[in-house]
Structures are given as C-alpha cells and as structure tokens.
There are 2 protein chains.
Amino acid sequence: MSSANAIAQLQNQGHRITTARRVLLEIFDASRRPLNAQDINQALTRQGVKVNTSTIYRELQFLQKQGLVNPLQLSTNQLYYESAQLPHHHHLVCDSCGSIDPVECHEVESPLRRLETRVNQTGFTITNHTLEFYGTCAGCR
Amino acid sequence: MSSANAIAQLQNQGHRITTARRVLLEIFDASRRPLNAQDINQALTRQGVKVNTSTIYRELQFLQKQGLVNPLQLSTNQLYYESAQLPHHHHLVCDSCGSIDPVECHEVESPLRRLETRVNQTGFTITNHTLEFYGTCAGCR
DNA sequence: AGTTTAATGCAACTCATTTGCATATGTCAA
DNA sequence: TTGACATATGCAAATGAGTTGCATTAAACT
C-alpha cells in the first residue's frame, strides 16, 4: 500500500496527517482512474468522512504541490487528478458517458521523445505533454 | 481567403451573415493560433466592432456546430477555438507567458494511427485526440 | 495536559460561460 | 422598396467550478 509511503513523506516534512488527508491518499491509491473534486467528495462520503468542498480543493492543491498527485485537464469543465505513482500512461475519454480509462501508449513514447528533442532545439523547452483520446466506449455503442 | 467559403456555406444553409459573424470568421481565418473569448473580444474591438460577450460565446458554439471552428481545452481555465480549416497539428503552450503556438508532429502521426487502430479493436472507438506540449518558450528563458 | 500552528468549516467571492427574454436586424416575398 | 418573420443580439441575471478571508478546531510536540 503506497499511501503509507506518501504519509511517511508528509510526516517527515512536518505536515499533519488529518483524517481527510489520509483517506484522500487512500482513495487515490485505490483508484486506477482520474478523479475530480466531485468524485472525491462522493468517495469520502461513502467512507463516512465529511469534508467541506473548499478543504477538498485545498487538499488537492496541497497534494499536487507535494508531487503526490498530478492534475489532468480534459475537455470537460472539471479538473481531474490522479496518483503521481501510476506508471506513465494516457486516457480514453468516452464522449457519451464520460468514463475515463487509462491506456498504455508504448507505440508513441519514443516518437514523442524524438519530437520533444526536435522541439527543444528550436528554443521551446518541453517539460510535459498531454495526450488524450476521445470517442465512444464499448458499453456506449 | 477561405472565410468567403465559410460565408457561402452558411448562406446556403439559410443562416444570416451579420457583421459580428463575418468579422469573426475573418479573424479566425487570419489567426494561426487558437483564440479564446477574450482574445476575440479584443480582436473585434480592434476592428471597431462592438459585440456583447454572450453573443461571442453563442457565435463560437454556432461556428463549432457548423464545423467551422474546433474547440481546444488547454490547462488554462479558458476554452480556445481555432479554424477547422487548418491542417492537422498540435500545440506548444508556454507555462510562463501563456503563448500558444502550433507544431507539426509528423513523427508521431503514424504511431498515433497505429495506436488508435489497436484501441479500436478493444471496443473503444476513437474519434479524436488531443496532444499538447507544455513548457517554456524561447522568449521566456 | 498545555501550547502552537497547520488544517478546517463556513460564507462570501471570483471568473468563465450560459440563459431568458425583450429588442433589433438580416433576408425573403410581395 | 417595403413589410413580415425568424434569426441574432443585448442586457441582466443565473450558473457552476474553484478560491479566499477569517474565526475555530485539532494534530503534534513540549
């Protein structure tokens, strides 16, 4: 269970381990797909933990600053986050039901690195990229 | 000038060509980078055309529905649009100054198509993808 | 147990975008 | 041309995600 690592890391840096924070880390640890503030609210409620919305937003920013979660902006109007511990991957987003699932993209990784090298030589330093696929999932067809 | 084509297309379908609509199409035609509602507002003002904000938003949705512009959601909190007539490309987004520039990505296109074929066989039908690069532009370093 | 200060709750706020409705203006027919 | 009619617009109010100020609560250290 790697939320334990995250907790140890935060404790070492003098941050407090509150119930909200601990359960939130466990939720990210258990989820293989990105979560938005609303998803997290529901997950917390399901576990019997009541947390104010503003606390959730603050906590997400905090965890991002600590490098424990990564933000993910999709073509929706909500910001998603996922565990930073997941191996590099991209996403399949269903335009119909909104489901978001990870995809391994081994075919594109080395071409992407090649492209990034080329672009870096033009003066633009790439630090990050987003690659998401939109369409219709098996269940919605 | 391809905004003329767009205008002809809209007229054929019985839509009215208002000043706002015509100038907006010209603006998209002349811009090689994506524009958000604010950019468009400024561009219209610069041309001496006063258009209400809600009209801009409605017009952008309209043009999108007509297939004349494509939406582009970046890691900012604003929605961008660009002409649908531009050849396939992706973007370099500067985290520092917010500039957005197109990139040709020939290295990745065929690996992407291969990946899409593979994914389509799993039951998820991909119709679209987004690929954007974030980092620091030459001017900001 | 008491102290300190990070974390929380609450309510009010911001900012992009949307919507309802009354008015104005393209466009088409007479 | 002019008038009729529906589309497009302006305005103001609403929405919805996310943020912020401030008083209170509660981890964690002594």
Side-chain angles (χ1 to χ4, degrees), chain A residues 3 6-27 34-45 47-66 68-81 98 100, chain B residues 6-25 27 34-45 47-66 68-81 98 100:
Chain A
S3 67
I7 287 172
Q9 172 188 323
L10 293 179
Q11 276 177 327
N12 285 344
Q13 297 178 5
H15 299 293
R16 296 180 184 172
I17 307 306
T18 62
T19 308
R21 183 164 290 169
R22 184 174 39 75
V23 177
L24 226 149
L25 285 169
E26 289 165 6
I27 288 167
L35 304 169
N36 62 28
Q38 197 178 288
D39 296 333
I40 288 165
N41 203 359
Q42 288 170 1
L44 286 167
T45 304
Q47 308 215 6
V49 182
K50 268 268 173 307
V51 179
N52 192 273
T53 321
S54 62
T55 301
I56 293 177
Y57 284 110
R58 275 192 280 235
E59 198 59 30
L60 288 170
Q61 290 184 338
F62 172 80
L63 295 178
Q64 181 185 348
K65 214 173 293 173
Q66 301 306 314
L68 295 171
V69 300
N70 291 323
L72 176 65
Q73 178 75 63
L74 302 173
S75 289
T76 61
N77 55 350
Q78 288 156 183
L79 190 53
Y80 286 79
Y81 291 87
I100 305 167
Chain B
I7 288 172
Q9 171 187 324
L10 293 179
Q11 276 177 326
N12 285 343
Q13 298 178 5
H15 299 291
R16 296 181 184 170
I17 307 306
T18 61
T19 309
R21 183 163 290 169
R22 185 176 38 75
V23 177
L24 225 149
L25 285 169
I27 287 168
L35 305 169
N36 62 28
Q38 196 177 289
D39 296 334
I40 288 165
N41 203 358
Q42 288 170 2
L44 286 167
T45 304
Q47 310 217 4
V49 183
K50 267 267 172 309
V51 179
N52 192 273
T53 319
S54 63
T55 301
I56 293 177
Y57 284 108
R58 275 191 281 235
E59 199 58 30
L60 288 170
Q61 290 184 339
F62 172 81
L63 296 179
Q64 181 184 350
K65 214 173 294 172
Q66 302 305 315
L68 295 171
V69 300
N70 291 323
L72 176 64
Q73 178 74 65
L74 302 173
S75 288
T76 60
N77 54 351
Q78 288 155 186
L79 191 52
Y80 286 79
Y81 291 86
I100 304 168

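Naming: A, B, ... by sequence-line order, numbering from 1 per chain.
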Distance in angstrom units between B/Ile56 CD1 and D/dG10 C1', rounded: 12 Å

Given C/dT27, C/dT18, D/dG18, the nucleotide with the shortest approach to the side chain of A/Ala37: D/dG18

Along DNA chain C (nearest heavy atom to each residue), the more 5'-positioned of A/His15 and B/Thr53: A/His15

Separation of C/dT8 P from A/Arg22 CZ (nearest whole Å): 12 Å

Touch class at under 4.0 angstrom, heavy-atom based, for A/Asn52 against every strand present: base

Between P of D/dG18 and CD of A/Gln64, the distance in whole Å: 12 Å

Among C/dT17, D/dG18, D/dA8, the one nearest B/Leu79 by side-chain distance: C/dT17

B/Gln47 vs B/Ile27, side-chain contact (heavy atoms from CB on, under 4.5 Å): CA-CA, chis, key distance, verdict: CA-CA 10 Å; B/Gln47 310 217 4; B/Ile27 287 168; 3.9 Å; yes

Among D/dA28, C/dA7, D/dG10, the nucleotide that comes nearest once only the side chain of A/Ile17 is considered: D/dA28

Sugar-phosphate only, base, or nothing, as touched by A/Arg58 at under 4.0 Å among non-hydrogen atoms: base

Shortest side-chain distance from A/Tyr57, nucleotide among D/dA17, C/dT17, C/dC10: D/dA17

Separation of atom CG in A/Asn12 from atom P in D/dA28, rounded to whole Å: 12 Å

Heavy-atom side-chain proximity of B/Thr45 to B/Lys50 below 4.5 angstrom: yes

Distance, rounded to the nearest Å, where B/Glu59 contributes CD and C/dG26 contributes P: 13 Å

Nearest-angstrom distance from the residue atom CZ of B/Arg16 to P of C/dC28: 9 Å

N/O (side chain, B/Thr18) to phosphate O (OP1/OP2, D/dT9) under 4.0 Å: yes

For B/Val51 against B/Asn41, the heavy-atom pair lying closest together: O-OD1, 4.0 Å

A/Gln61 CD - C/dT8 P separation (whole Å): 13 Å

Sugar-phosphate, base or nothing in reach of A/Gln13, heavy atoms under 4.0 Å: nothing

Length of the line joining A/Asn77:CG and C/dA16:P, which is rounded to integer Å: 14 Å

Check: A/Asp39 side chain, A/Asn36 main-chain N or O, donor-acceptor pair, under 3.5 Å: yes

Phosphate-side-chain proximity, B/Ser54 and C/dT18, N/O vs OP1/OP2 below 4.0 Å: no

Donor-acceptor under 3.5 Å (B/Arg22 side chain, B/Ile7 main chain): no

